[in-house]
Amino acid sequence: MRTPVSHELAPRLDPGAIEPARYRAWLEGGYFHVPASAVLEEGREPYVIVIPPPNVTAVLHMGHGLNNTVQDVLIRWRRMQGRAALWVPGTDHAGIATQNVVERQLAAEGLHREDLGREAFVERVWSFVNETGGVILDQLKAIGASLDWERTRFTLDPELSRAVREVFVHLYEKDLIYRGEYIINWCPRCLTALSNEEAEGAESVGSLWHFRYPVAPEAQEAAEAAHRASAESDRPGAIGRFEDGRWYVTVSTTRPETMLGDTGVAVHPDDERYGALVGAEVELPLTGRRIPVVADVHVDPSFGSGMVKVTPAHDINDFEIAGRTGLEILDVMNPDATLNEEVPERFRGLDRSEARERVLGALDEAGLLVDREEHTYSVPQCYRCDTVVEPRLSDQWFVRMEPLAQPALAAARDGSISFTPAHWKRVYEHWMENIRDWCISRQLWWGHRIPVWYCSCGEVIVAREDPDRCPQCGSTELEQDPDVLDTWFSSQLWPFSVFGWPEETDDLEAFYPGHAMVTAPEILFFWVARMVMMGYEFHGEAPFSQIYLHGTVRDAHGRKMSKSLGNGIDPLDVVERFGADAMRYTIVSQCAVGTDISLDHEDVEGAFANGRNFANKIWNAGRFALMSLGEEPVRPLEDVEGDLRLEDRWILTRTTRAGRSATRALERFRLHDAAESLYHYFWGDVCDWYLEVVKGRLGPDADPASREAARSTLVTVLDRALRLLHPVVPFVTAELWSKLPWPDGLERPDDLIIAPWPDGADGFEDADAEGRMDDVRAFVVEVRRLRKEYGIPEGQRITVHVTGGPESFTPALENQATALERLARVERVDSVGASGVGGHAVLENGAELFVPLEGVIDIAREVERLQDEIARLDKQLEGTRARLANEKFTSNAPPEVVQKERDKAAQLEEQESKLREKLEGLEAGAS
RNA sequence: GGUCGCUUAGCUCAGCUGGUAGAGCGCUACGUUCACAUCGUAGAUGUCGCAGGUUCGAGUCCUGCAGCGACCACCA
């Protein structure tokens, strides 16, 4: 069935030689594919993760590496637990991002999308996506992602588009989608509306300008009254007098160009300073338009002058003030942020930065620009192109979020959905509690077209199927809304649209709702929160129960890895150089809950050394085991139980415990803990101790019963260890496991990928053996230390006298004679205390060790060596002390240098006193 | 402005429900015993940001302060 081919194993793991073939074998074995029947017919318990669909045009970066490694670890682990573990792959059409890429291509050809027209442009995007899209999915294969490729989905697939349309119409019919004219975030470069989430704040230093608006002639008395009231108030006033005696008010802005759209000035209704002015008018400079002073609660009397100019069409707060006070709404800007016909002629047609200069110039000339201050504030930018967003009045489609948020909020509160790390729960709740309506229409061509048609008779048709005539007037001249939907509108349906909803499919029944959602905190609001809302709206429950938010990948300086910073690491390059296992282990071992991952892009080898070394260690341990086991049959562990020795019982116990702690860690998304504890179990316990101890029992000359027990134990331990390690380092483990001999008569799974997970629940356990072996190990370590301390040559065998310690200690040591010889070159353990020249040590268990040195080392030479050493230290000390005694040095050198010198002196003194103590001991014994 | 988080060995960071400080990398010394030098053995290094408090006992809980960061909101 399988022939051990240990002699073929290279002494170094060559990932390139095994990984692609392994992955192919898994694909061919169909291990990644989970049909609905596995759940519906075979009754297996499902475990479902849907991938956060990367942008269809994306190429793999470390962030994907992290995200997908985590998911794959979870999926592989659950698969081994016997769950019908399904991980659904796919990509997102990424509206703005993809359209931008293609538009840039066009620009390089000197073309604009308008040159092609909508249909041709969309066709062009499709062909771009068909040619280059989905590359990232192939790249995921290189890192070992065990996705069910038969289920690959794309958010623009016909089935998923049907889901989008169903949802739109459903929400519209429930009055949860509406169209209206509101202030939205407008990107003047992408020429589309954005949601609040898509406008990201960026700290920026700008200016705050102060202007004077003349008070209208008939309101001079009111102004004077307000001026008097201001003088009585302890707050500064905004009322002043020009040289000609006319009154003015002072207002401020960070965006002077919008002043042309001012339709009012507002004060707080309770502000004692300005009560007299409410209802009066001021003149808007540059236009001469009269605008009223209104009272509104939004104004903060304690900020600035307590008087605000109101520009309803270009500021969200001002828009709300207008709504409450009835101020006029005057849009003075075009979609591309150019002043329009509503403004005086000399300012028309200017883009916003030019307009700003002109307006400032004109105001200055008129003597109305009085001051400019530096002002740090957060400027909203387009999340796709970083252009400063323009708040703008616009007719758009919105989702009414509050009703949808209710159940999604309750889900977090009652624990229906859990967050890891837990503190994200509060962030999520805060967002839900303060939710605002979602602008979902985008003035793009790439995406799901809004399913709304307009008839010339005024009828608006919102329909699941494209209508061919108006139900009202029968006209066939219908025009579809030109806009498309926000990309996230389709993404939010992903957990169920991938399973064929709104059709009632077997997949939905079998796999929905899913279990874990693994993603980055950045898209908690964009995506995760909205998926939960949609889950409740359309299925009455959350689409997953656990939300695991992992950290961000950063470079050695803590900066986020990004293309623009040039500090990225290409995961494929890492896979090529060190293997997917190395990359996965490195990532997972750093993946502590709530922390970021840092990898040095300037030292990629160093960054992944740990993972590479570990994979190689596993490889070599396996290589050794396979070579030692040979081709003879191995007996099941039960058959040799009576012959198990202390170290066998110990390592079997350790294995059980390793399984238990790994399971516990994984259940709580503590991937770092799982990886690290398995690392120490394997490297520390299995390799450093068990393999070393058992070496002497595997040869042809060893006692047959002991040999068989060792072989059975070794196979058992290796089998379990490889299973436990498999989710993190799937390739090297599967490769070795496939070559591992198997105990006669025991059923062997077809592949490690589906071998049952050894959770340790019913594993071998012998606490007594564990304790005794720990004593033996402590003994070995202490002897090694003594050997080192006294410079006993490597090859020199010694006798150790032991007294005290637990009763079982000395017999245990006797039983480990071969191992002790091998591990510490201890020829004989004598239980009779001895005296004379030698090294002493006391173990934690109370045993005292004595190593006679007469005849072991040359005492005279050792004394000489120690004397030399002391002399050397003395000389060093002399120099340091001289320097410290020198006042010029202590007073002139930098304090830290002096301190360093002092530390050095102290250290040398301590070393020397230790050596002197040792020397005295030797000399006393020798005499 | 609000909320939350972080500050532990030279570097990057673990440390869950309070009980004698840990890992990896790096560093030092020794080592080519046939799994592995991508290795082995041994070793050095920390007033756990600062100041208080609770406790028999605090890196771990509480309060205040400082520095850093994240998210949200945004005051014109």
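All chains are named by letter (A, B, ...) in the order of the sequence lines, taking the proteins before the strands, and each is independently numbered beginning at 1.
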- Message: Whether A:R784 contacts B:A42 is assessed here as follows: a side-chain N or O lying under 4.0 Å from the phosphate OP1 or OP2. Is that the case?
- Response: yes
- Between CZ of A:R12 and P of B:A37 the distance, given in whole Å, is 7 Å
- Is any side-chain nitrogen or oxygen of A:R436 closer than 4.0 Å to OP1 or OP2 of B:C74? yes
- Query: Want to settle it: does A:E692 or A:D300 sit nearer the 5' end of RNA chain B, counting the closest nucleotide to each?
  - Reply: A:E692
- Message: When you measure from the side-chain N and O atoms of A:K617 to the phosphate of B:G40, is any distance below 4.0 Å, counting only OP1 and OP2?
- Response: yes
- Query: Within the modelled atom types, does a donor on one side and an acceptor on the other bring the side chain of A:E782 and the base of B:A42 under 3.5 Å apart?
  - Reply: no
- Would you mind reading off the distance between A:N610 atom CG and B:U12 atom P, rounded to a whole angstrom? 17 Å
- Message: In this structure, how many angstroms lie between the P atom of B:G40 and the CG atom of A:N616, rounded?
- Response: 10 Å
- Message: Please report the distance separating the P of B:U63 from the corresponding atom of B:C25, rounded so that it comes out in whole Å.
- Response: 39 Å
- Base, sugar-phosphate alone, or nothing: which one does A:A609 contact when heavy atoms must sit under 4.0 Å apart? nothing
- Message: Any base atoms under 4.0 Å from A:R426, or only sugar-phosphate, or nothing? Heavy atoms, all strands.
- Response: sugar-phosphate
- Task: List the atom of A:L823, the atom of A:R784, and the distance in Å for their closest heavy-atom pair.
- Result: O-NE, 3.2 Å
- Note on the structure: Here the distance between atom P of B:U38 and atom CG of A:D14, to the nearest Å, is 15 Å
- Distance check: side-chain N/O of A:W209 vs OP1/OP2 of B:A76, anything under 4.0 Å? no
- Task: Quick one: label A:H314 by what it contacts on the DNA or RNA (base, sugar-phosphate, nothing), any heavy atom closer than 4.0 Å.
- Result: nothing
- Taking the inter-plane angle between the rings of A:W683 and A:Y679 on a 0 to 90° scale, is it parallel (under 30°), tilted (30 to 60°) or perpendicular (over 60°)? tilted
- Query: If you check the A:T253 side chain, which of B:A76, B:G15, B:C30 turns out closest?
  - Reply: B:A76
- Least distance between heavy atoms, A:L327 atom then A:G264 atom: CD1-CA, 3.9 Å
- Task: Would you kindly compare A:D688 and A:D596 by the position of their nearest RNA chain B nucleotide and give the one closer to the 5′ end?
- Result: A:D596
- Query: Once you round it to whole Å, what is the distance between C1' of B:U38 and CD of A:E605?
  - Reply: 9 Å
- Query: What integer number of Å spans the P atoms of B:C13 and B:U7?
  - Reply: 10 Å
- Message: Please report the distance, rounded to the nearest Å, between CD in A:E203 and C1' in B:G1.
- Response: 12 Å
- Inspect the surroundings of CD in A:E576 and state if more than 12 heavy atoms from other residues, nucleotides or ligands are less than 6.0 Å away. no
- Note on the structure: To the nearest angstrom, the CG-P distance between A:N196 and B:A73 comes to 7 Å
- When the ring centroid of A:W424 is compared with that of A:Y428, is the distance short of 6.0 Å? no
- Query: With a non-hydrogen cut-off below 4.0 angstrom, is A:F578 in contact with a base, only sugar-phosphate, or nothing?
  - Reply: nothing
- Item | B:C62 to B:G5 separation - P atoms, rounded to the nearest Å | 10 Å
- Message: Nearest whole Å is fine: how far is B:C71 P from A:E197 CD?
- Response: 14 Å
